[in-house]
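Before any comments, here is the structure.
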4 protein chains.
Amino acid sequence: MRMTRQEQKESIAKQRKQQIFDAAVKVFSQKGFDQSTIPDIAQEAGVAVGTIYNYYQSKHDLLLSIIRSYIVTESFIGLLKQPPESDAATFLSSLINERLSIGLDNTDVMQLLMSEIRRDPELRRQYIEQVVVPTFKLLEEYLEPRIGKDTFRPSNIPIVVRALIGMIIGLSIISNMEGETGPMRRIPRQELGAEVTKLILEGIKRK
Amino acid sequence: MRMTRQEQKESIAKQRKQQIFDAAVKVFSQKGFDQSTIPDIAQEAGVAVGTIYNYYQSKHDLLLSIIRSYIVTESFIGLLKQPPESDAATFLSSLINERLSIGLDNTDVMQLLMSEIRRDPELRRQYIEQVVVPTFKLLEEYLEPRIGKDTFRPSNIPIVVRALIGMIIGLSIISNMEGETGPMRRIPRQELGAEVTKLILEGIKRK
Amino acid sequence: MRMTRQEQKESIAKQRKQQIFDAAVKVFSQKGFDQSTIPDIAQEAGVAVGTIYNYYQSKHDLLLSIIRSYIVTESFIGLLKQPPESDAATFLSSLINERLSIGLDNTDVMQLLMSEIRRDPELRRQYIEQVVVPTFKLLEEYLEPRIGKDTFRPSNIPIVVRALIGMIIGLSIISNMEGETGPMRRIPRQELGAEVTKLILEGIKRK
Amino acid sequence: MRMTRQEQKESIAKQRKQQIFDAAVKVFSQKGFDQSTIPDIAQEAGVAVGTIYNYYQSKHDLLLSIIRSYIVTESFIGLLKQPPESDAATFLSSLINERLSIGLDNTDVMQLLMSEIRRDPELRRQYIEQVVVPTFKLLEEYLEPRIGKDTFRPSNIPIVVRALIGMIIGLSIISNMEGETGPMRRIPRQELGAEVTKLILEGIKRK
DNA sequence: AATGAATGAGTCTTCATTCAT
DNA sequence: CATGAATGAAGACTCATTCAT
């Protein structure tokens with residue numbers, strides 16, 4: 001099955017754009033946005049400076065593309081999976097595992113995102129609207145009906161939700177800071193998720 | 001008791017240096033390091049551009065001063081002076097309250113620090129050596145002997161420690177992101193600390 | 001009568017070249033040389049960027065082509081073919097009408113030419129040699145023998161000639177500056193020519 | 001009489017600004033706006049590139065300053081001298097002499113102005129409003145009451161006015177084009193003015 | 001001969017740093 | 001010591017030109 005000429009071209013263009021995208025992710029993550037130069041990215045991507053501008057309007061546009069793609073990915077993975085009516089432990093466990101995986105596998109981009117979100121109000125608005133609010137809402141709606149019933153003890157839901165998500169964010173930062181040899185990277189991912197889930201569900205106190 | 005001429009001079013110099021330091025903290029925190037300019041800082045401090053260079057070698061040196069002072073502050077306050085003989089709930093509660101307060105009151109500087117630490121390996125080494133490792137160590141040493149006894153259930157101590165600290169870091173970030181109107185800022189600090197402590201100690205599951 | 005294959009090709013090529021030429025005239029006139037880009041011209045001409053370089057060596061070459069063609073056009077039309085035997089009023093009137101028409105219909109190209117001529121000495125030399133000098137000479141030669149006779153009063157011929165041509169140039173510029181709604185465009189062309197001719201011949205003073 | 005420290009500084013700053021201004025006039029006039037580079041201007045002014053930006057916001061701002069100053073100058077010289085109730089010949093003569101002087105002494109700036117006005121609509125609006133309209137109005141108001149009386153023969157005033165101003169503009173362009181050796185520069189300014197005035201008043205026809 | 005993506009030299013502009021006053 | 005104008009290196013971005021398809 002052959003591609004038409006047109007399709008070939010588009011395919012190459014897509015590859016090239018991805019190539020630049022990947023290079024930018026790498027460079028931005030390592031040096032931060034401001035410290036990264038377009039020549040840096042061009043070199044990393046193996047293209048000329050001008051070529052980058054054939055695919056992205058500006059350095060800032062390149063940053064936005066990265067962050068947006070990441071936002072979209074996050075939302076998709078996180079939200080399109082509607083909460084199955086599984087039991088509390090399973091649901092929380094899978095949610096924690098999943099978010100933790102995203103966080104740990106993308107520490108660089110995540111921190112890039114956190115940095116840049118701080119100084120671009122529009123980006124922050126978008127991120128909050130598209131990622132933060134839905135995530136919090138999903139969790140709050142899950143916990144709400146189960147509080148006071150058998151499942152969960154009474155608690156301040158918004159705080160608990162933020163503590164849970166915050167823990168995942170913080171773990172990703174610590175993992176990134178400690179690097180390859182830190183304890184977070186040496187533990188099997190599954191075990192890590194289980195431990196964290198257990199902490200959230202049962203706390204550390206002996207019953 | 002008068003100051004000698006010499007002492008007066010030094011006192012004024014110290015004030016001036018502090019003045020610039022404070023201005024830099026403010027400006028760096030708001031705009032980030034790269035987006036801040038020396039004229040910005042000079043204006044904020046109410047001095048001339050050239051004056052800054054009488055007290056700091058370079059813009060980067062000014063950043064280092066801030067981060068180092070923050071590192072020193074962090075490593076000496078509260079946590080390390082905590083009498084580890086108090087009972088578990090009290091110890092953890094005060095630790096959480098204190099770190100959370102630091103985090104919430106200094107989100108900007110904290111995030112500045114996180115950003116800059118990422119791209120300066122030497123700074124990262126210092127921070128890890130002087131803040132991260134001692135903090136984790138202290139907590140680990142606190143938990144270790146109490147695990148398996150009455151106080152705490154068996155668990156993976158390094159993970160629990162990182163989850164706890166990570167939670168505090170993450171909560172600061174979320175609080176900063178949601179801004180003045182977010183739930184984190186509307187709850188009394190004390191209540192927030194209590195809720196988080198309870199979460200860590202008992203989890204969310206109904207017993 | 002058919003064209004040979006060869007002739008067809010050449011005919012197409014000629015068309016293509018003209019197409020690009022026309023587009024360039026339009027774009028250069030509107031935006032000025034420096035502000036015009038090759039992609040602009042390509043789009044206007046409905047061809048690809050690369051195609052332009054099959055017909056013109058460079059952007060500058062394209063500009064030269066336009067200006068040269070304009071110079072050639074100017075030096076061959078009307079004025080130089082005018083039978084200088086007609087009576088003074090007729091001769092001057094037709095000259096003014098014709099030059100004025102050229103000026104008013106091509107203000108953009110004329111001003112493009114004026115701009116570019118200023119910074120390209122070689123071009124200026126050409127223009128002066130091929131257009132300016134012959135025009136002035138023709139007029140001077142026309143006026144010379146009639147001065148002091150019945151037709152014209154004694155006057156400084158070079159100045160008068162330059163004032164006449166200058167007036168036409170200046171009127172074009174003013175017309176262009178005032179735009180569609182200015183007085184110059186609302187008056188019938190013929191009336192305009194008549195008025196100007198009368199001014200030159202008789203001045204504004206009441207006899 | 002001494003200057004205060006403050007006054008000295010301001011005086012130096014003014015000089016410096018003028019120095020850059022003059023250099024820009026020279027460079028823009030020679031090469032045109034787009035072909036001139038900031039390093040060109042800096043070199044001509046004998047300052048560093050960055051210094052220019054201490055006095056002007058941008059290259060475009062520098063252009064605007066030049067053009068505006070020229071517009072203001074023109075308006076002042078031309079308009080603040082109210083038309084004295086002198087006789088027609090004297091009035092026209094002085095007006096022509098004056099405008100012609102401005103045109104001939106500033107051919108470079110004038111053509112720069114003409115070029116740039118074409119592509120900056122806002123600038124054009126300003127120029128028309130502040131220079132063109134007042135000038136035309138002044139002349140029209142002068143001619144109006146004298147038409148049909150003894151002084152001037154009936155004519156289309158707007159056209160005559162534009163022809164007169166156009167002639168001056170055109171003469172300045174021709175003078176610039178022909179350069180130092182052209183006839184316009186070799187004739188005493190006074191004689192030139194007289195000849196042009198006579199042409200306007202009496203035309204070239206023998207009575 | 002037509003195409004248009006790739007190229008990189010050339011510009012404007014910023015801003016950390018210096019230094020004469 | 002304080003000042004702030006001058007400096008010029010460095011970086012984002014544009015666009016004429018090339019060349020593989």
Side-chain angles (χ1 to χ4, degrees), chain A residues 5 8-10 12-13 16-17 20 34-42 45-62, chain B residues 9 12-13 16-17 20 34-43 45-62, chain C residues 9 12-13 16-17 20 34-43 45-62, chain D residues 5 8-10 12-13 16-17 20 34-42 45-62:
Chain A
R5 193 66 57 99
Q8 269 188 40
K9 268 193 185 174
E10 280 174 14
I12 290 175
R16 191 64 62 129
K17 192 164 186 175
I20 293 168
D34 288 301
Q35 294 291 328
S36 305
T37 69
I38 292 289
D40 284 344
I41 296 168
V47 300
V49 167
T51 304
I52 292 179
Y53 288 89
N54 288 338
Y55 294 91
Y56 296 92
Q57 305 229 341
S58 65
K59 191 184 168 190
H60 191 244
D61 179 42
L62 191 41
Chain B
K9 267 194 188 172
I12 290 175
R16 193 68 61 128
K17 190 164 185 175
I20 293 167
D34 291 299
Q35 296 292 327
S36 304
T37 69
I38 293 289
D40 283 345
I41 296 167
Q43 181 160 47
V47 301
V49 166
T51 306
I52 291 179
Y53 286 86
N54 288 332
Y55 295 91
Y56 295 92
Q57 305 228 337
S58 67
K59 189 186 171 190
H60 191 242
D61 179 41
L62 191 42
Chain C
K9 267 194 187 172
I12 291 175
R16 192 69 60 131
K17 191 164 185 175
I20 293 168
D34 290 299
Q35 296 292 327
S36 304
T37 68
I38 293 289
D40 283 345
I41 296 168
Q43 181 159 45
V47 301
V49 167
T51 305
I52 292 179
Y53 287 86
N54 288 334
Y55 295 92
Y56 295 92
Q57 305 228 339
S58 68
K59 188 185 171 189
H60 191 243
D61 179 41
L62 190 41
Chain D
R5 192 69 54 99
Q8 268 187 41
K9 267 193 187 172
E10 279 174 15
I12 290 174
R16 191 65 59 127
K17 193 164 186 176
I20 293 168
D34 288 302
Q35 294 291 327
S36 305
T37 70
I38 292 290
D40 283 345
I41 297 168
V47 300
V49 166
T51 304
I52 292 178
Y53 288 89
N54 288 338
Y55 294 91
Y56 295 92
Q57 306 229 341
S58 66
K59 191 184 168 190
H60 190 242
D61 179 42
L62 191 41

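Letters A, B, ... mirror the listed sequences (proteins, then strands); counts begin at 1.
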Compare side-chain N and O positions of A:R16 against OP1 and OP2 of E:dA5 and report whether any pair is under 4.0 Å apart.
-> no
Side chains of residues 48-55 of chain B: which donor-acceptor partners sit under 3.5 Å, not counting sequence neighbours?
none

For atom CG of A:D61 and atom P of F:dC13, their distance in whole Å | 10 Å
Protein-nucleotide distance (A:K9, atom NZ; E:dA5, atom P), rounded to Å | 6 Å
Gap between atoms CD and P, on A:Q57 and F:dC13 respectively (whole Å) | 10 Å
Report the residue (D:G46 or A:T51) whose heavy-atom-nearest nucleotide on DNA chain F is the more 5′ of the two.
-> D:G46
Over all atoms of both residues, closest heavy-atom pair of C:I20 and C:Y56 = CG2-CE1, 3.8 Å
What is the nucleic acid contact for B:Y55, judged by heavy atoms within less than 4.0 Å: base, sugar-phosphate only, or nothing?
-> sugar-phosphate
Protein-nucleotide distance (A:I52, atom CD1; F:dC13, atom P), rounded to Å = 10 Å
Taking atom C1' of F:dA5 as reference, at what distance in whole Å does atom OH of D:Y56 sit?
-> 16 Å
C:I20 CD1 to E:dT3 P, in whole Å, measures 9 Å
When the distance from OH of C:Y53 to C1' of E:dA6 is rounded to whole Å, what number comes out?
-> 14 Å
What nucleic acid atoms does C:T37 come within less than 4.0 Å of, heavy atoms only: base, sugar-phosphate, or nothing?
-> sugar-phosphate
Which residue lies more 5' along DNA chain E, comparing B:Q35 with A:V49 via nearest heavy atoms = A:V49
Where B:Q35 and A:D34 come nearest, the two heavy atoms and their spacing | NE2-OD1, 2.9 Å
What integer distance in Å separates C:N54:CG from E:dT3:P?
-> 9 Å
Residue met sooner reading DNA chain E from 5', once B:P39 and D:H60 are mapped to nucleotides | D:H60
Residue mapping more 5' on DNA chain F - nearest nucleotide basis, C:S58 or A:K59 = A:K59
How would DNA chain F look in dot-bracket form, 5' to 3', counting Watson-Crick and G-U wobble pairs with both distances under 3.5 Å and writing | for bases paired to another strand?
-> .||||||||||||||||||||
